[in-house]
Chemist: 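Would you mind keeping the following structure in view while I ask a few things?
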Amino acid sequence: MLLLVAMPLVARDSSNAQLPAETLHYNVMFKWGFINKKAGTATLSLSHAPGEYRSTLTAASEPWADRIYRVRDTLNGRMDYDGMRPLFYEKIAHEGGEHKHDRVLYDYTTPGTVVGHCSRKVYRKDELRIDETRRLEAEGSAVDMLTSFYYMRSLPFQDMEPGETTSIDIFSGKQKETLTISYIGLDPVEIDGHRHEAYHVRFLFTSRGGTKTSDDMDAWISTEARRIPLKLEGKLPVGKVRCFLAGESH
């Protein structure tokens with residue numbers, strides 16, 4: 001039912017799409033000291049539908065990593081062609097022995113305000129432990145963990161100075177946070193022996209009181225017109241996880 005309600009109020013033809021359809025493939029590497037081993041794969045895809053974009057991000061750990069911490073995640077999103085406003089977000093996560101299902105349905109009927117109708121279910125050992133719904137509000141605009149990557153790609157990094165930041169509210173099925181994107185500067189990335197010019201940016205997540213809610217995440221974005229994410233890096237309790245662009249399919 002939520003998927004049906006999330007359809008935009010005014011349909012637009014797919015010829016109005018600003019971004020081309022794409023499917024980006026990533027290798028997920030685990031880095032700890034001298035260890036640099038492939039720990040999984042991820043795929044980010046964008047397609048066109050009447051009046052909206054549809055995006056999916058999938059991630060899966062490698063068999064050796066499954067024995068330590070098994071990951072099978074899927075993020076689904078729908079965005080309006082008009083400014084890529086998010087319409088619907090869903091996260092289906094199987095991580096370790098826990099299964100989470102978050103949904104956010106966006107409502108723009110109140111001028112100047114975006115409302116997120118959120119639900120969250122958490123299963124542990126196949127037993128439902130958390131079943132919550134909540135209503136979140138933000139002024140102007142908001143994103144989620146999937147649409148934040150497209151929001152990031154739309155920023156005018158070519159006109160920004162190192163240290164310059166921009167902030168936006170970010171919804172999950174659990175809470176509203178503030179996402180601050182800090183521009184670090186031009187920082188080339190080498191992938192499979194090839195050098196790519198890139199904008200280096202950092203994601204910072206904070207709660208309403210300004211308290212950090214998770215570790216920072218860094219991203220390197222191609223300086224080319226499509227602004228493809230080339231590399232992402234985040235901290236783990238031990239070591240780091242790094243995602244490198246492995247290729248593209250159509």
Side-chain angles (χ1 to χ4, degrees), residues 16-48 53-59 73 75 77 79 81 83-86 141 143-168 170 178-205 214-236 239-250:
N16 291 332
Q18 299 174 2
L19 287 178
E22 63 183 18
T23 301
L24 307 174
H25 303 282
Y26 293 86
N27 288 327
V28 182
M29 308 297 294
F30 172 66
K31 173 67 174 175
W32 182 39
F34 294 107
I35 299 173
N36 189 29
K37 188 173 183 179
K38 184 177 178 181
T41 57
T43 299
L44 176 64
S45 64
L46 183 75
S47 62
H48 299 157
Y53 295 103
R54 295 183 181 179
S55 182
T56 298
L57 172 64
T58 59
D73 289 355
L75 278 63
M79 298 165 285
Y81 285 143
M84 297 199 76
R85 297 186 310 173
S141 57
V143 293
D144 47 63
M145 278 304 297
L146 184 57
T147 56
S148 63
F149 287 100
Y150 299 101
Y151 171 75
M152 170 183 66
R153 292 168 69 177
S154 72
L155 296 176
F157 297 121
Q158 71 279 2
D159 300 324
M160 297 174 69
E161 296 292 331
E164 192 171 342
T165 64
T166 184
S167 297
I168 191 170
I170 182 166
T178 299
L179 167 62
T180 300
I181 298 176
S182 177
Y183 175 58
I184 307 301
L186 285 170
D187 186 12
V189 173
E190 185 171 307
I191 301 176
D192 293 333
H194 298 283
R195 177 187 169 100
H196 303 267
E197 295 300 321
Y199 299 115
H200 181 186
V201 301
R202 181 165 296 145
F203 283 30
L204 302 94
F205 301 90
S214 61
D215 288 328
D216 299 343
M217 182 172 66
D218 287 68
W220 285 258
I221 313 301
S222 168
T223 59
E224 297 175 348
R226 287 174 57 198
R227 302 285 177 82
I228 293 176
L230 299 170
K231 175 185 173 183
L232 297 115
E233 181 178 291
K235 294 181 181 179
L236 295 173
K240 294 181 178 180
V241 62
R242 293 172 171 174
C243 302
F244 294 92
L245 181 68
E248 183 174 2
S249 60
H250 300 279

Chemist: Any idea which heavy atoms bring Ala42 and Leu57 closest together, and the distance?
Modeler: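 Scanning both residues, the minimum pair turns out to be CB-CD1, 4.5 Å.
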
Chemist: Inspect the surroundings of CD in Glu224 and state if more than 12 heavy atoms from other residues, nucleotides or ligands are less than 6.0 Å away.
Modeler: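 No - once you tally the heavy atoms of other residues, nucleotides and ligands closer than 6.0 Å, there are 12 at most.
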
Chemist: Check this for me: Asp192, atom CG, are more than 12 non-hydrogen atoms of other residues, nucleotides or ligands nearer than 6.0 Å?
Modeler: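 No, CG of Asp192 has 12 or fewer neighbouring heavy atoms, counting only those of other groups under 6.0 Å.
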
Chemist: Start with the C-alpha gap between Glu190 and Arg195, add the side-chain angles, then the distance that decides, and say whether salt bridge (Lys or Arg N to Asp or Glu O under 4.0 Å) holds.
Modeler: CA-CA 4 Å; Glu190 185 171 307; Arg195 177 187 169 100; over 6 Å; no

Chemist: Determine yes or no for a side-chain-to-main-chain donor-acceptor pair under 3.5 angstrom, with Arg227 supplying the side chain and Leu155 the backbone.
Modeler: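 It does hold such a pair.
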
Chemist: Return the set of residues passing ring pair (Phe, Tyr, Trp, His ring centres under 6.0 Å) with Phe149 (not counting sequence neighbours), or none when no residue passes.
Modeler: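 Ring pair (Phe, Tyr, Trp, His ring centres under 6.0 Å) check on Phe149 returns nothing, list empty.
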
Chemist: Once rounded to the nearest 0.5 Å, what's the spacing between atom CD1 of Ile184 and atom CE of Met160?
Modeler: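 It is 10.0 Å, given to the nearest 0.5 Å.
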
Chemist: Can a side-chain donor-acceptor contact be found between Ser249 and His25 if the only test is distance below 3.5 angstrom?
Modeler: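 Yes, because at least one side-chain N or O of His25 sits under 3.5 Å from a partner of the opposite role on Ser249.
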
Chemist: What is the minimum heavy-atom distance between Asp215 and Phe205, and which atoms define it?
Modeler: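 Reported closest heavy-atom pair: O-CD1, 4.2 Å.
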
Chemist: Which residues pass the ring pair (Phe, Tyr, Trp, His ring centres under 6.0 Å) test with His200, sequence neighbours left out?
Modeler: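 With neighbours one apart ignored, the set is Trp220.
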
Chemist: Inspect the surroundings of CD in Glu161 and state if more than 12 heavy atoms from other residues, nucleotides or ligands are less than 6.0 Å away.
Modeler: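 For Glu161, atom CD is not crowded (no more than 12 foreign heavy atoms under 6.0 Å).
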
Chemist: Work out which heavy atom in Arg242 is nearest to a heavy atom in Glu233; give both atom names and the distance.
Modeler: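 That would be NE-OE1, 2.8 Å.
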
Chemist: So, for Ser55 and Met79, which heavy atoms are closest and what is the spacing to 0.1 Å?
Modeler: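 Taking Ser55 first and Met79 second, the nearest heavy atoms are CB-CE, 3.9 Å.
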
Chemist: For residues 34-47, which residue pairs qualify under salt bridge (Lys or Arg N to Asp or Glu O under 4.0 Å), counting only residues two or more places apart or in two chains?
Modeler: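 For residues 34-47: none.
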
Chemist: Considering non-hydrogen atoms only, spot the tightest contact between Phe30 and Ala39 and give its length.
Modeler: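 So the minimum-distance heavy-atom pair works out to CB-CB, 4.0 Å.
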
Chemist: How long is the straight-line distance from CG of Leu204 back to CG of Asp216, given to the nearest 0.5 Å?
Modeler: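 One finds 4.0 Å between CG of Asp216 and CG of Leu204.
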
Chemist: Checking side chain to side chain contact (heavy atoms under 4.5 Å, CB included) against Tyr151, which of Ile181, Asp144, Ile170 comes through?
Modeler: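 Among the candidates, only Ile181 passes.
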
Chemist: How many angstroms lie between atom OH of Tyr53 and atom OG of Ser45, to the nearest 0.5 angstrom?
Modeler: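 Interatomic distance, Tyr53 OH to Ser45 OG, rounded to 0.5 Å: 14.0 Å.
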
Chemist: Should the heavy atoms of other residues, nucleotides or ligands under 6.0 Å from NZ of Lys31 be counted, would the total exceed 12?
Modeler: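 Result for NZ/Lys31: enclosed.
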
Chemist: Is Arg202 reaching over with its side chain to a backbone N or O of Ser182, donor-acceptor style, under 3.5 angstrom?
Modeler: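 Not confirmed, Arg202 side chain does not pair with Ser182 backbone.
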
Chemist: Backbone N or O of Leu19 within a donor-acceptor pair of the His48 side chain at under 3.5 Å?
Modeler: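 Looks like yes, one N/O pair under 3.5 Å.
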
Chemist: Pair Arg226, Glu22 - check salt bridge (Lys or Arg N to Asp or Glu O under 4.0 Å), show working.
Modeler: CA-CA 10 Å; Arg226 287 174 57 198; Glu22 63 183 18; 2.8 Å; yes

Chemist: Indicate whether any N or O donor in one side chain lies under 3.5 Å from an N or O acceptor in the other, for Ser167 and Thr180.
Modeler: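 Indeed, the side chains of Ser167 and Thr180 share at least one donor-acceptor pair under 3.5 Å.
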
